[in-house]
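Chain letters run A, B, ... following the sequence lines, proteins first and then strands; every chain starts at 1. Everything numeric here is computed off the predicted structure, so don't read it as measured data.
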There are 2 protein chains.
Amino acid sequence: MSTELWLAQLHENGYRLTDARRAVVEIVERSARALTPVEVYDMARRKYRALGLVTVYRTLEKLEELHLIQRVHQPMGCQAFISAGEGHQHLLLCQNCGQVAFFEGDDLDVLTKSIAKKTGYQISEHWLQLFGLCVNCRTN
Amino acid sequence: MSTELWLAQLHENGYRLTDARRAVVEIVERSARALTPVEVYDMARRKYRALGLVTVYRTLEKLEELHLIQRVHQPMGCQAFISAGEGHQHLLLCQNCGQVAFFEGDDLDVLTKSIAKKTGYQISEHWLQLFGLCVNCRTN
DNA sequence: ACACTTATTGAAAATGATTTTCATTAACGA
DNA sequence: TCGTTAATGAAAATCATTTTCAATAAGTGT
Ligand SMILES: [Mn+2]
Ligand SMILES: [Mn+2]
Ligand SMILES: [Zn+2]
Ligand SMILES: [Zn+2]
């Protein structure tokens, strides 16, 4: 559904709509876990055989530029992307299956102010990521 | 000073003390910012000319194994290492010069419990990293 | 001090991931 | 429908990391 929105975004920003891009967008937008370029390639090629890996890289680049996807950092590697959350959100990752959940409402103001005072740094950003087991992986 | 401790750690774990390792340890242990393997190579080679880049990779691997250094993830790349903090600490990075400060005392229990309840995930770990400007870079 | 065992080394080759080049194709505004 | 030009995929180039391997030297026992 939101696939259409992504394609519209691309179009509005002067990018042409091609079958290659449609295939990549469809895969990435619908995934509940972060995907590497090769994973996207393999999956998207089932929709569009002629797709090239290079185009996957190029499309991911543009989607990141438009803030439609974001890079996910993990102990095993940092070359994976997931559709970006809206507004100020952070990720919660299942260490077993990779399932991603977004959350918001973290309040680090007290902490950052205290650290700023203590260290003299002017703090402007933070990265927060939680790891654990999703409902499925927890039970089974 | 603590360079000696690192070397002792290596020795205690059955690793031999070589000039190559001494040079790498000296550089990494004293750095106030995260260094990439090539940066370590360039700097350590000033102490030990014959040093090979391969040995830098191998030594960093061992230091990480012994928890003497830790990998630092940044927007620009995730292949840099800094001497590890003691106990439960997190990093505060200067976006201008890369200077690293450690901090502790973050209390995410309330948050993680709330997120756990909301999502059904069993949360076991977290990554937290702050970004900003260090005292030097803030003024100048 | 010497000899022995074997971990460690650096050079070179191999691998793997990403980027660049380039001729061809096709999106889309006119 | 046409023309312009962005987009494409194949192949080559580049870059980072790992593996292979013969030579070296650290640490141990004498
Ligand atoms: Mn936050
Ligand atoms: Mn913490
Ligand atoms: Zn799971
Ligand atoms: Zn700074």
Side-chain angles (χ1 to χ4, degrees), chain A residues 4 6-28 34-66 68-69 71-81, chain B residues 4 6-28 34-66 68-69 71-81:
Chain A
E4 301 307 322
W6 287 28
L7 293 172
Q9 280 285 314
L10 282 169
H11 201 208
E12 281 167 30
N13 284 81
Y15 296 118
R16 295 181 181 175
L17 296 186
T18 67
D19 287 344
R21 281 176 182 163
R22 267 187 273 265
V24 169
V25 164
E26 210 165 297
I27 293 301
V28 176
L35 301 175
T36 64
V38 174
E39 284 174 329
V40 172
Y41 175 65
D42 289 337
M43 296 169 75
R45 240 157 64 89
R46 292 205 276 267
K47 295 188 176 298
Y48 181 62
R49 272 273 137 230
L51 180 64
L53 178 57
V54 195
T55 299
V56 173
Y57 275 96
R58 290 191 277 225
T59 303
L60 290 175
E61 201 174 277
K62 286 173 181 58
L63 293 176
E64 192 180 22
E65 211 175 273
L66 298 176
L68 293 170
I69 62 174
R71 184 179 302 267
V72 176
H73 297 258
Q74 283 178 273
M76 34 156 305
C78 304
Q79 194 57 297
F81 298 86
Chain B
E4 300 307 322
W6 287 28
L7 294 172
Q9 280 285 314
L10 282 169
H11 201 207
E12 281 167 31
N13 284 81
Y15 296 118
R16 295 181 181 174
L17 296 186
T18 67
D19 287 344
R21 281 175 183 163
R22 268 186 272 265
V24 170
V25 164
E26 211 166 296
I27 292 302
V28 177
L35 300 175
T36 64
V38 174
E39 284 174 329
V40 173
Y41 175 65
D42 289 337
M43 295 169 75
R45 239 156 65 89
R46 292 204 276 265
K47 295 187 177 296
Y48 181 61
R49 273 272 135 230
L51 180 65
L53 178 56
V54 195
T55 300
V56 173
Y57 275 96
R58 291 192 278 226
T59 303
L60 290 174
E61 202 174 277
K62 285 171 182 59
L63 293 176
E64 191 180 22
E65 212 174 275
L66 298 177
L68 292 170
I69 61 173
R71 183 180 302 268
V72 176
H73 297 258
Q74 283 179 273
M76 34 155 305
C78 305
Q79 193 59 296
F81 298 87

Can you tell me if A:T59 uses its side chain to pair, donor with acceptor, with the backbone of A:T55 under 3.5 Å? yes

Is a side-chain donor or acceptor of B:R21 paired with a backbone partner of B:R16 at a separation under 3.5 angstrom?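 Yes; at least one donor-acceptor contact below 3.5 Å.
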
How long is the straight-line distance from [atom2] of [Y] back to [atom1] of [X], given to the nearest 0.5 Å?
{"X": "A:L66", "Y": "A:N13", "atom1": "CG", "atom2": "CG", "answer": "4.5 Å"}
{"X": "B:L63", "Y": "B:I69", "atom1": "CG", "atom2": "CD1", "answer": "5.0 Å"}
{"X": "A:R58", "Y": "A:E61", "atom1": "CZ", "atom2": "CD", "answer": "9.0 Å"}
{"X": "B:E26", "Y": "B:E4", "atom1": "CD", "atom2": "CD", "answer": "8.5 Å"}

Roughly, in whole Å, what's the span from [atom1] in [X] to [atom2] in [N]?
{"X": "A:R49", "N": "D:dA10", "atom1": "CZ", "atom2": "C1'", "answer": "17 Å"}
{"X": "B:E61", "N": "D:dA16", "atom1": "CD", "atom2": "P", "answer": "18 Å"}
{"X": "B:Y41", "N": "D:dT17", "atom1": "OH", "atom2": "P", "answer": "14 Å"}
{"X": "A:Y48", "N": "C:dA27", "atom1": "OH", "atom2": "C1'", "answer": "12 Å"}
{"X": "A:L60", "N": "C:dT18", "atom1": "CG", "atom2": "P", "answer": "10 Å"}
{"X": "B:K62", "N": "D:dT18", "atom1": "NZ", "atom2": "C1'", "answer": "13 Å"}

Evaluation steps, side-chain hydrogen bond (donor to acceptor under 3.5 Å, both in side chains), between B:Y15 and B:E65: CA-CA 12 Å; B:Y15 296 118; B:E65 212 174 275; 2.9 Å; yes

Return the set of residues passing side chain to side chain contact (heavy atoms under 4.5 Å, CB included) with B:D42 (not counting sequence neighbours), or none when no residue passes. B:V38

Phosphate OP1/OP2 of C:dT18 contacted by A:Q79 side-chain N/O (<4.0 Å): yes

For DNA chain D, what residues of residues 50-59 of chain A have any heavy atom nearer than 4.0 Å?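 Residues of residues 50-59 of chain A that come under 4.0 Å of DNA chain D are, in numerical order, A:A50, A:L51, A:G52, A:V54, A:T55, A:R58.
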
Which residues, if any, of residues 7-24 of chain B bring a heavy atom under 4.0 Å of DNA chain C?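 Nucleic-acid contacts, sorted: B:Y15, B:R16, B:T18, B:A20, B:R21.
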
